[in-house]
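Remarks on the structure that follows.
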Amino acid sequence: MNNNHRRQRSLADRVQDVTTTDLRRLSARCQEIGGINLSQGVCDLPVPPEVKEAAHKAIDDDKAIYTNIAGLIELRQAIARKMKNFNGITVDPQTDIAVTVGSTGAWACVAMALLNPGDEVVVFSPGYYYYLDAFKMLGATARIVDTTPPDWKYSKEELAAAFNEKTRMVIVNTPTNPTGKVYSRDELLEIAALAKQYDAWIIADEIYEYITFENDHVSIASLPDAQDRTITLSGPSKTYAVTGWRIGYAAGSAEVIDKVLAVNDLFYICAPAPMQYGVLAAMNLPQSFLDQQRQEYRQKRDMLADALSAVGFVPHIPQGAFYIMADFGPGRYRNSLDAAESILEQTGVATVPGTPFCFKKGEGETMLRICFAKRFEVLEEACRRLQQLET
Ligand code: PLP
């Protein structure tokens with residue numbers, strides 16, 4: 001169309017600052033050069049055969065139509081059982097669970113159901129920046145609480161100061177992407193007490209709940225003060241290596257889930273039907289599957305940490321999830337983006353700059369986030385390649 005005839009159009013204000021991230025670009029470049037991608041949090045582990053078979057069978061059996069907007073009742077029942085046994089949270093599968101398009105879809109619906117423009121959201125930094133960018137689009141603003149290495153503790157004073165009358169929500173991601181912080185019961189009690197004092201919602205992102213090393217996972221919704229005000233988000237993406245299947249869930253009080261489902265219906269209708277059957281099979285896998293996975297991730301964590309130490313990086317050993325935040329110190333690279341780009345070109349290993357995960361300007365400039373959710377042989381090769389970096 002001739003430019004003169006093009007109607008004057010403009011984008012919505014809410015997307016002016018939204019862009020796809022360096023992470024996606026580095027992944028694309030990694031693919032272009034046939035590198036090893038330790039940037040995105042996608043596990044390339046094989047999906048357990050019985051899980052694949054259940055999804056195949058659902059397709060073969062023409063389970064091709066919309067499911068209930070809340071998800072298959074059998075799946076919600078399995079989630080409720082798992083939440084009781086593993087998380088210590090009692091939820092009613094009929095009213096308190098929404099199966100969604102990934103836990104990202106759960107977050108989108110929860111955010112739309114709970115946030116108004118002008119609301120404040122307390123978030124911990126470093127953290128999962130998708131949340132921050134998403135609630136900014138809804139007109140909410142962030143109150144940032146720093147956590148600092150090596151153990152990623154926050155200051156009680158800073159946390160208390162982040163809450164005020166405008167606080168609508170606090171987001172707790174445990175284990176945390178990117179630091180691997182596993183919040184202790186005491187920390188969660190402290191956060192729950194503040195949320196209660198200021199009558200704020202708690203959003204608990206527990207997508208890495210099964211991947212912990214030294215300390216066990218504690219769900220904030222299992223604490224009495226937090227029970228009624230917490231929406232727990234999770235899903236099978238990381239645990240069963242099905243990030244592309246796009247199944248997740250939100251669980252919490254019926255009053256909130258009812259609205260989450262109304263939003264879910266408007267934007268997605270329901271989560272992919274055959275994949276819900278596959279995930280149902282995943283949830284019936286024996287405990288030994290989870291135990292073995294946890295042990296293997298621990299070995300992988302240690303392997304990557306050793307490789308990073310050998311080239312003079314300081315790996316902050318994570319307590320959970322499958323990333324290491326590694327500090328390469330001042331002077332070695334111009335900044336964290338330069339480090340990620342140089343390492344990719346020099347070794348063919350993709351990592352992500354630390355900066356997007358650090359919400360205060362200027363932080364994270366000497367850090368990289370490196371993912372170890374890879375098959376052993378792939379991670380071994382990546383570690384070998386990283387040895388090309390001079391110390
Ligand atoms: N929450 C956190 C903290 C994550 O790191 C990720 C993915 O990297 C997600 C949520 C997205 O999970 P899902 O695949 O269930 O949308």
Side-chain angles (χ1 to χ4, degrees), residues 20-24 26-27 37-45 47 51 71 75 79 82 97-112 121 123-135 147 152 169-183 202-212 217 219-220 231-251 260 264 267-268 270-272 275-276 278-279 282-283 297 318-325 350-352 354 356-359 369-374:
T20 51
T21 58
D22 288 334
L23 197 152
R24 301 277 175 256
L26 285 158
S27 279
N37 194 346
L38 305 189
S39 65
Q40 261 175 295
V42 287
C43 352
D44 69 354
L45 307 177
V47 177
V51 177
L75 180 56
I79 293 168
K82 168 261 177 197
I97 297 174
V99 174
T100 51
V101 179
S103 66
T104 306
W107 157 247
C109 298
V110 167
M112 281 189 269
V121 180
V123 282
F124 294 89
S125 173
Y128 183 57
Y129 54 85
Y130 274 50
Y131 284 132
L132 202 79
D133 289 354
F135 67 65
T147 62
W152 305 104
M169 175 184 286
V170 51
I171 301 180
V172 185
N173 169 215
T174 181
T176 303
N177 172 8
T179 60
K181 175 181 173 68
V182 174
Y183 284 73
I202 301 168
I203 305 304
D205 174 348
E206 306 192 351
I207 193 89
Y208 300 101
E209 60 197 342
Y210 286 115
I211 309 169
T212 56
H217 172 74
S219 288
I220 191 163
I231 311 299
T232 303
L233 312 180
S234 193
S237 282
K238 313 288 174 173
T239 308
Y240 304 104
V242 290
T243 50
W245 283 20
R246 310 313 301 133
I247 303 289
Y249 62 85
V260 166
N264 191 51
F267 285 98
Y268 308 106
C270 69
M275 298 323 181
Q276 293 190 49
V279 170
M283 298 197 67
Y297 272 133
Q319 302 166 331
F322 45 51
Y323 311 97
I324 293 185
M325 280 291 258
T351 60
V352 227
F357 301 99
C358 298
F359 302 147
R369 190 200 71 173
I370 310 173
C371 175
F372 54 86
K374 293 279 151 191

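Everything quoted here is computed from the prediction, not taken from an experiment. One-based numbering, in listed order, for ligands and for the atoms of each.
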Interatomic distance, [X] atom [atom1] to [Y] atom [atom2] [nearest 0.5 angstrom]:
| X | Y | atom1 | atom2 | value |
| --- | --- | --- | --- | --- |
| Ile97 | Thr232 | CD1 | OG1 | 10.0 Å |
| Lys238 | Tyr297 | NZ | OH | 9.0 Å |
| Gln276 | Trp245 | CD | CH2 | 11.5 Å |

Proximity of [X] to ligand 1 by residue part, where a heavy atom lies under 4.0 Å:
| X | answer |
| --- | --- |
| Tyr208 | side chain |
| Asn177 | side chain |
| Ser237 | side chain |

Whether Tyr128 and Tyr130 hold their rings parallel, tilted or perpendicular, with breakpoints at 30° and 60°: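 Rings of Tyr128 and Tyr130: parallel, under 30°.
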Using distance alone, with no hydrogens and no angle criterion, decide if [X] and [Y] have a side-chain donor and acceptor under 3.5 Å apart.
| X | Y | result |
| --- | --- | --- |
| Tyr323 | Tyr208 | yes |
| Asn264 | Thr100 | no |
| Tyr131 | Asp205 | yes |

Taking only heavy atoms of [X] into account, list the atoms of ligand 1 that are under 4.0 Å away from them.
| X | value |
| --- | --- |
| Lys238 | 6 (C), 7 (C), 8 (O) |
| Gly102 | 15 (O), 16 (O) |
| Asn173 | 3 (C) |
| Asp205 | 1 (N), 2 (C), 3 (C), 10 (C) |
| Arg246 | 13 (P), 14 (O), 16 (O) |

Thr243 N/O under 3.5 Å from ligand 1 N/O: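 No.
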Min heavy-atom dist Ser103 to ligand 1 below 4.0 Å: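 Yes, that is the case, since the closest heavy atom of the residue is under 4.0 Å from the ligand.
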Evaluation steps, side chain to side chain contact (heavy atoms under 4.5 Å, CB included), between Met325 and Trp152: CA-CA 11 Å; Met325 280 291 258; Trp152 305 104; 4.1 Å; yes
Selected option - heavy-atom contact closest to atom 6 (C) of ligand 1, from Tyr128, Tyr129, Trp107: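 Result: the heavy atom closest to atom 6 (C) of ligand 1 is in Tyr128.
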